Amino acid sequence: AGEKVGIVGHSGGGKSTITKLLMRFVDISAGAILIDGQDIRQIAQDDLRKAVSYIPQEPVLFHRTIRENIAYGSPLATEKDIVKSSERAYAHEFISNLPQGYNTLVGERGVKLSGGERQRVAIARAMLKNAPILMLDEATSSLDSVSEFYIQQAFTELMEGKTTIVIAHRLSTIQKMDRIIVLDEGRITEEGTHQELLAKKGIYTDLWEHQTGG
């Protein structure tokens with residue numbers, strides 16, 4: 001609990017499968033997944049998902065207003081709560097500049113917003129929900145570098161005091177994790193901090209050198 005874990009590896013290594021298993025979109029056929037010693041198959045799916053804030057690579061927005069999309073996981077949230085979460089997610093400014101502000105309809109799957117804007121609405125939603133477990137699956141992939149800088153600041157705040165699992169292709173996003181797990185063909189092949197993994201000169205080092213141009 002409270003640990004920040006990064007998960008990396010080549011495409012097809014099993015990273016996204018882990019999120020599917022943790023959210024129980026699929027169930028495991030052997031072994032067990034425990035949270036605080038409880039097997040997640042013994043917990044109602046609703047209760048499990050209430051404990052997790054999940055931000056996927058392509059956030060799901062509904063054809064409703066921005067306000068409703070942010071408050072989706074927190075139906076009792078006040079207007080003040082919604083605005084505060086948006087500010088922390090660096091979304092308030094762009095929302096305020098829309099003709100109808102928080103009453104703007106986002107279109108089917110959020111088509112009226114850019115990728116970065118959709119992502120920030122999803123982050124505001126997660127900040128408002130404030131669940132104890134936070135799972136980010138490639139959550140900054142659709143952002144330009146300026147947005148990514150702001151979002152990283154927002155994530156640092158969002159992760160405070162939470163158990164965090166970050167799946168990343170961009171290794172720059174997980175350097176500061178407490179522990180990084182390297183997956184290869186569905187198996188954990190390496191784990192440690194950023195510096196410990198670089199010293200092993202294994203898969204992580206190859207990925208790092210590839211991304212940083214050596």
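The structure presented is a predicted model; accordingly, all values stated were derived computationally and were not measured.
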Consider only side-chain heavy atoms of I, L, V, M, F, W and Y, link residues closer than 4.5 Å, and tell whether [X] and [Y] are in one cluster.
X	Y	result
Met135	Tyr72	no
Leu22	Ile28	yes
Leu34	Leu134	no
Ile7	Tyr54	yes

Minimum heavy-atom distance between [X] and [Y], given as atom pair plus value:
X	Y	value
Leu21	Ile40	O-CD1, 3.6 Å
Asn69	Phe62	OD1-N, 2.8 Å
Asp39	Ala32	OD2-CB, 3.7 Å
Ser86	Ile95	OG-CD1, 4.1 Å

- Taking Asp178 for the side chain and Lys4 for the main chain, is one N or O donor matched with an acceptor at less than 3.5 Å? yes
- Asp184 side-chain N/O to Gly13 backbone N/O, donor-acceptor pair under 3.5 Å: no
- Flag the pair Arg24 and Asp27 as a salt bridge only when some basic side-chain nitrogen lies within less than 4.0 angstrom of an acidic carboxylate oxygen. yes
- Apply side chain to side chain donor-acceptor pair (under 3.5 Å) to His92 and list each qualifying residue two or more places apart in sequence or on a separate chain. Ser96, Tyr102
- Asn103: side chain to side chain donor-acceptor pair (under 3.5 Å) partners, not counting sequence neighbours: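 Applying side chain to side chain donor-acceptor pair (under 3.5 Å) to Asn103 gives Arg67.
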- So with a 6.0 Å cut-off around CD of Glu160, is the heavy-atom count from everything else above 12? no
- Item | Over 12 foreign heavy atoms within 6.0 Å of CD, Glu3 | yes
- Decide yes or no on side-chain contact (heavy atoms from CB on, under 4.5 Å) for Leu197 and Thr205, but give the supporting numbers first. CA-CA 7 Å; Leu197 290 173; Thr205 309; 5.9 Å; no
- Just how far is it from atom OG of Ser16 to atom CD1 of Ile167, taken to the nearest 0.5 Å? 5.0 Å
- Query: To the nearest 0.5 Å, what is the distance between CE (Met127) and OG (Ser74)?
  - Reply: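 OG of Ser74 is found 13.0 Å from CE of Met127.
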- Should the ring pair Trp208 and His194 be called parallel, tilted or perpendicular, given that the plane angle runs from 0 to 90° and is split at 30 and 60?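 Correct class here is perpendicular.
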